[in-house]
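The block underneath contains the structure these notes are about, expressed in structure tokens.
Keep in mind it's a predicted model, so treat the numbers as computed, not measured.
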Amino acid sequence: MRAEEWKRLVQKAAAGRTVREIRVRAGRPVFLLTDCGEQTLFSDGTLRYGNNQMASAVPVLADQALIKELMEIFSRHSLYAYEEELRQGFLTIEGGHRVGIAGKTVVLNREIHTIREISGMNIRIVHEIQGCGDFVLPFLFFNGEFLDTLILSPPGAGKTTLLRDLIRQISNGGENWRGRNVSVVDERSELGMCVQGTAQCDLGMRTDLLDGCPKAAGISMMLRSMAPQVLAVDEIGTKEDLEAVRSGMNCGCRILATAHGASVEELRRKAYFSELIKEGLFSRYIVLCQHPAPGTVAGIYDDKLRPLFEDSGEKSGTSAGSIQEKAGAFVESYWEGQKGLAGSREAV
């Protein structure tokens, strides 16, 4: 199959759907991950569960020729220009979408030099959902000041998407707070989705982005050079990451970060994090889950892990709309309950 035909079928199948990933493997069916789960792409441009064949359609199979042609298109026929990204197993294409690759690695001096003979691709569609942070933002400010915040979620539950929107809104400012200078250390190029040094996602008007830099080193660099008021990083977890975060807080910078975790109880059991919890290093914890949809806020907690908001747990029988309505009413009461807030709200 040629790339043009593959593109036509994918576009037809994706019409009216939210596509999160497209999996292409040599000699295997093409799969699309949507809000309805993973489905197989068929030759009539439809998506179905499993490999059930009908007389009029069969599963679309990828081959090496298709993968090679797609890679040429994604790299604008200049794979050498993406050599550094390929060495890390991906390339970021126009629009901020990330193409993960699998194949034969070329190792020189015990370091990966590049990947050749590519046999599989995972095309991850960037999800820039502006406004998805509206619900949680009121919990992250007190008397106009931003509070150190950690976002927790299992993989695929929307923590990076939420982080991206919070960065944008904190940077631009809102009704109840002035915009802040935000520095972003984007180690895996997933927040700004930079292409040739230019961010493809809107991270706000006061945001400085350090792309492709290790978190610990990047935090130190930003603190020395950009004087951030808020410093944002994605997926902290190592001792070095947490010490760098602590250093930022000691320099008077507020931290906005994410970490893997399905609950605050799980976070307590993780190495290094338990000490930070005891110290009350973060003032706010946001926990996300995937039901009834990715990005659902399961709970918001203070520095002592006391709940400020928790969903009732009846998500299986509750629509996302009703959860949002309930949450909106809760936020309004929360705003009114903050001591001294009414007299200290800041303009943009």
Side-chain angles (χ1 to χ4, degrees), residues 84-85 87-90 92 111 133 136 140-141 145-155 159-168 170-171 180-194 197 199 201 203-204 206-261 264 266-288 301-305:
E84 180 58 31
E85 288 191 0
R87 190 172 65 84
Q88 301 178 60
F90 68 89
T92 305
E111 292 186 356
V136 302
L140 310 186
F141 285 84
E145 290 300 320
F146 180 73
L147 303 172
D148 297 306
T149 299
L150 183 65
I151 303 169
L152 301 174
S153 89
K159 62 180 178 298
T160 301
T161 302
L162 175 61
L163 176 61
R164 190 182 294 121
D165 189 57
L166 292 178
I167 291 169
R168 180 186 66 84
I170 293 168
S171 173
R180 266 74 170 170
N181 292 321
V182 181
S183 288
V184 178
V185 181
D186 194 4
E187 181 172 2
R188 301 193 304 169
S189 303
E190 290 191 333
L191 291 171
M193 295 292 188
C194 285
C201 297
L203 295 179
R206 299 178 180 87
T207 298
D208 301 299
L209 177 66
L210 193 60
D211 183 56
C213 180
K215 286 185 281 291
I219 289 173
S220 177
M221 291 170 63
M222 285 300 204
L223 288 172
R224 289 198 304 266
S225 61
M226 301 309 297
Q229 295 167 291
V230 177
L231 205 153
V233 291
D234 198 12
E235 296 190 5
I236 61 174
T238 67
K239 183 177 180 179
E240 290 75 18
D241 292 344
L242 297 176
E243 287 304 316
V245 164
R246 192 195 304 272
S247 174
M249 292 177 175
N250 290 338
C251 291
C253 181
R254 298 297 188 179
I255 299 294
L256 174 61
T258 72
H260 284 293
V264 290
E266 181 180 326
L267 192 67
R268 289 182 192 269
R269 298 191 295 268
K270 287 180 176 287
Y272 313 124
F273 279 104
S274 59
E275 296 180 14
L276 302 187
I277 292 173
K278 290 178 182 178
E279 295 175 22
L281 203 63
F282 287 97
S283 298
R284 292 291 184 267
Y285 296 87
I286 303 168
V287 180
L288 303 180
Y301 304 87
D302 68 6
D303 59 331
K304 299 292 192 299
L305 300 185

- Note on the structure: Looking only at heavy atoms, the pair that brings Ala216 and Glu240 closest together is CB-O, 3.9 Å
- Any chance the side chains of Arg164 and Thr160 put a donor and an acceptor closer than 3.5 Å? no
- Query: Do Ile219 and Val245 have side chains that get closer than 4.5 Å, going by heavy atoms?
  - Reply: yes
- Query: For Leu267, which residues count as a side chain to side chain contact (heavy atoms under 4.5 Å, CB included) partner, sequence neighbours excluded?
  - Reply: Leu150, Leu152, Lys270, Phe273, Ile277, Tyr285
- Task: Determine whether more than 12 heavy atoms belonging to other residues, nucleotides or ligands lie under 6.0 Å from atom CD of Glu279.
- Result: yes
- Taking all non-hydrogen atoms of both residues, which atom of Ile236 and which atom of Ala257 are closest, and how far apart? CD1-CB, 4.1 Å
- Less than 4.5 Å apart, any side-chain heavy atom of Leu162 and any of Val136? yes
- Quickly, which of Thr258, Thr161, Ile151 forms a side chain to side chain contact (heavy atoms under 4.5 Å, CB included) with Leu166? Name it, please. Ile151
- What distance separates Leu147 CG from Phe141 CZ, expressed to the nearest 0.5 Å? 8.0 Å
- Query: Should Val182 and Leu203 be marked as a side chain to side chain contact (heavy atoms under 4.5 Å, CB included) after you check the CA-CA gap, both sets of side-chain angles, and the distance that decides it?
  - Reply: CA-CA 9 Å; Val182 181; Leu203 295 179; over 6 Å; no
- Item | Distance-minimising heavy-atom pair for Leu209 and Ala199 | CD2-CB, 4.0 Å
- Can you tell me how far the CG atom of Asp303 sits from the OG atom of Ser283, to the nearest 0.5 Å? 5.5 Å
- Note on the structure: Value for NZ (Lys215) from CG (Asp186), rounded to nearest 0.5 Å, stands at 9.5 Å
- Task: Would you please test Glu235 and Lys159 for salt bridge (charged side-chain N to carboxylate O under 4.0 Å, His left out) and show each step?
- Result: CA-CA 9 Å; Glu235 296 190 5; Lys159 62 180 178 298; 3.7 Å; yes
- For Ile286 and Leu140, what are the C-alpha separation, side-chain angles and deciding distance, and is it a side chain to side chain contact (heavy atoms under 4.5 Å, CB included)? CA-CA 10 Å; Ile286 303 168; Leu140 310 186; 3.9 Å; yes
- Arg224 and Ser220: CA distance, side-chain angles, deciding distance, side chain to side chain contact (heavy atoms under 4.5 Å, CB included) verdict: CA-CA 6 Å; Arg224 289 198 304 266; Ser220 177; 2.6 Å; yes
- Any chance you could lay out the side chain to side chain contact (heavy atoms under 4.5 Å, CB included) test for Arg246 and Leu276, step after step, and finish with the verdict? CA-CA 9 Å; Arg246 192 195 304 272; Leu276 302 187; 3.2 Å; yes
- Query: Nearest 0.5 Å, what's the CG-CG distance between Leu231 and Asn181?
  - Reply: 11.5 Å
- Query: So, does Arg254 use its side chain to make a donor-acceptor pair with the main chain of Phe146 at under 3.5 Å?
  - Reply: yes
- Message: Could you measure the distance from the SG atom of Cys253 to the CD atom of Gln229? Nearest 0.5 Å is fine.
- Response: 8.5 Å
- Query: Is Ser171 reaching over with its side chain to a backbone N or O of Arg206, donor-acceptor style, under 3.5 angstrom?
  - Reply: yes
- To the nearest 0.5 angstrom, please state how far the OG1 atom of Thr207 sits from the CD1 atom of Ile170. 9.0 Å
- Task: Kindly write out the residues that satisfy side chain to side chain contact (heavy atoms under 4.5 Å, CB included) with Asp302, not counting sequence neighbours, or none if the list is empty.
- Result: Arg284, Lys304, Arg306, Leu308
